[in-house]
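Let me begin by presenting the structure, written as structure tokens, before commenting on it.
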Protein chains: 2
Amino acid sequence: MIKSSDDFMTVADGVDDADDGREIARGGGISAWRQIADDIEADISAGRFPAGAQLPTEAQLATRFAVNRHTVRRGLSELAVRGLVRATQGRGTFVEARPIRYPIGPRTRFSEIVSRAGREAGGRLLGSAVVAADARTAAALGVAEGAPVIRLDTLRSADGTPISLGSGFFPLPRFERFGDAYLAYGSITGALASRGVDDYRRLETRISARPASAEEAASLDLAPGRLLLAVDSINVDGDGTPIQFTRALFAADRTEIVVES
Amino acid sequence: MIKSSDDFMTVADGVDDADDGREIARGGGISAWRQIADDIEADISAGRFPAGAQLPTEAQLATRFAVNRHTVRRGLSELAVRGLVRATQGRGTFVEARPIRYPIGPRTRFSEIVSRAGREAGGRLLGSAVVAADARTAAALGVAEGAPVIRLDTLRSADGTPISLGSGFFPLPRFERFGDAYLAYGSITGALASRGVDDYRRLETRISARPASAEEAASLDLAPGRLLLAVDSINVDGDGTPIQFTRALFAADRTEIVVES
DNA sequence: CCTCATTTGTGCGTATGTATC
DNA sequence: TGATACATACGCACAAATGAG
């Protein structure tokens, strides 16, 4: 076999990888890239590649499976879409961590949830601004389209791992300078309490799924194109007045949403 | 430019595709496949490729954009993951239909939902069997692990389009021969009523997202690897007794789940 | 039923770009 | 700066599914 320039390995490296050349059944109805993906997935499931571990390089895998590097890449991309591994240019391909649960219910508070999951809560304000309400936001908050609302972008994480990227919209006369309140109290719940909202509940939640854009992936520390759960929700206060419209993006492979009726 | 065998076109075809060679900015920081994906997406959004329409073949797109067919395929695969298009071997690549809503709430009934969305309800029993309850099912139904339960596999569709692929588990002394009841009444709700359950509600719903397996994709008439919303739910009767544990898979790009609290 | 052209799917080899260390 | 490793792109070839005939 003639090696491509990419697959070239030094003689020193060559001597100790003659060991485990995995068998790929050619022409058996199952494509080579799928067999490779399944094989690597089995290694991950069995713990032979623990979470955080670096996989062999694409070139090494290509020689082990006796296929072209493109074929390895096709298999790895499958595992990447499913959130099992993640490739970073110039560094390598690494095994991703396992998902945690993220319950959403009528009384959901983020800080409660992460503590319930036995993890450490974390929320960071990315920015805050006064913007004009678009149609969806206006309808949710019961204000006129184009009316000014406060927008708060937050990144929520658990154990240092980003979990959700959220944009919250709050009606304006009531929640003036709400970004400062959030910074002062460290949580949406606390900031709302400082504005006299000591109870709120979720009125409606819409859930869809889509791949992450490049920016979203960067914020959530995901590889671009990974699956997101998009959760749009409306919170109302004790009187049923809408106080918050939120669009939250969850890394689908780190999250399971629980709805308790 | 030397054409590959794949890209070869007859002279007759060649004369009328000299028109719209789209511009791809090379070396401008944005990869060619992404520009192609964006360009085709814009065409779809603008209605230049309406839903159901067949896209030009990969070879034609390759000549139009003056790139290799692989580069076109990379762009198309991006659109396919996002549910905008779907490729079928031997036929071509087609624009997919837009999503519908699928509300989930305490009083969710499938037939109500699709009629509310102005579509026609449809449910088909794929099979039914008595199986041993696994840990998750046993916990949900409040039976011992390994206890016999009835399993019902159903495919639900709207307007002929498959929407969800579901497995329902029912505790056994109570729902003996439940498959026959489903066939007789044509719906879960009707079959439950025939067993004396005239009211039931959803206790808990768990939502996650993942790509479809080959079989799931086939059942749902999806291209393999497309996004699924996986919804696990527990239904209880008026007394709060669990009567049904369901795992439903929705095509994420045809569905938006609405939770009403 | 078979054949054949069309179209997407898979795989190889090569080359070069780009980020990381 | 150089070496490493993933990302992009071209060209070629053949497999496999579809549909027309």
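By convention in this document, chain letters (A, B, ...) are assigned in the order of the sequence lines, proteins followed by strands, and residues within each chain are numbered from 1.
- For the side chain to side chain donor-acceptor pair (under 3.5 Å) test, no residue two or more places apart in sequence or in another chain qualifies with Thr255(B).
- The two atoms that bring Leu79(B) and Glu41(B) nearest to each other are CD2-CB, 4.0 Å, heavy atoms only.
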Report each atom pair, protein N/O against N/O of nucleotides 16-20 of chain D, whose distance is under 3.5 angstrom.
residue	atom	partner	partner atom	Å
dA16(D)	O4'	Gln89(B)	OE1	3.3
dA16(D)	N3	Gln89(B)	OE1	2.9

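- Note: CG (Asn68(B)) to P (dC12(C)) measures 17 Å, nearest angstrom.
- Distances were taken from every side-chain heavy atom of Ala87(B) (C-beta onward) to each of dT8(C), dG11(D), dT8(D); the shortest belongs to dT8(C).
- Taking Tyr182(B) as the reference, nothing meets the ring pair (Phe, Tyr, Trp, His ring centres under 6.0 Å) condition, with sequence neighbours excluded.
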- Note on the structure: With both pairing distances under 3.5 angstrom for Watson-Crick or G-U wobble, and | for a partner in another strand, the correct string for DNA chain C is .||||||||||||||||||||
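- Just one of Leu249(A), Leu227(A), Leu228(A), Leu165(A) meets the side-chain contact (heavy atoms from CB on, under 4.5 Å) condition when paired with Leu222(A); it is Leu228(A).
- Side-chain contact between Leu61(A) and Leu76(A) is present, with heavy atoms from C-beta onward closer than 4.5 Å.
- Between Glu78(A) and Arg74(A) there is a salt bridge, with a side-chain nitrogen of the basic residue lying less than 4.0 Å from a carboxylate oxygen of the acidic one.
- Using a 4.0 Å cut-off between charged side-chain N and carboxylate O, Arg86(B) and Asp221(B) make a salt bridge.
- Atom CZ in Arg86(B) sits roughly 15 Å away from atom C1' in dT7(C) (whole-Å rounding).
- When the side-chain contact (heavy atoms from CB on, under 4.5 Å) test is applied to Val258(A), the partners found at least two apart in sequence or on another chain are Pro103(A), Glu260(A), Glu204(B), Arg206(B).
- Considering only side-chain N and O atoms, Ser31(B) lies nowhere under 4.0 angstrom from the phosphate OP1 or OP2 of dA7(D).
- Only His70(B), Arg73(B), listed by number, bring a heavy atom of residues 70-83 of chain B to less than 4.0 angstrom from any atom of DNA chain C.
- For the pair Arg210(B) and Glu216(B), the salt-bridge criterion is met [side-chain N within less than 4.0 Å of a carboxylate O].
- In this entry the distance linking CD1 of Ile24(B) with P of dT8(D) reads 14 Å, nearest Å.
- In this structure, the side chain of Asn68(A) does not engage the main chain of Thr71(A) through any donor-acceptor pair within 3.5 Å.
- Protein atom CD1 of Ile30(B) is 11 Å distant from nucleotide atom P of dA9(D), rounded to whole Å.
- Counting to the nearest Å, the P atom of dG9(C) and the CG atom of Leu61(B) are 13 Å from each other.
- For Arg26(A) and dC12(C), the shortest distance from a side-chain N or O to OP1 or OP2 is below 4.0 Å.
- Distance CZ (Phe65(B)) to P (dT8(D)): 17 Å, rounded to an integer number of Å.
- Atom CZ of Arg69(A) is separated from atom P of dC6(D) by 7 Å (rounded to the nearest Å).
- For the pair Thr57(B) and dT6(C), the criterion of a side-chain N or O lying under 4.0 Å from OP1 or OP2 is not met.
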- Between Arg64(A) and Asp39(A), does a side-chain contact (heavy atoms from CB on, under 4.5 Å) hold up when you go through it step by step? CA-CA 12 Å; Arg64(A) 271 159 180 60; Asp39(A) 196 289; over 6 Å; no
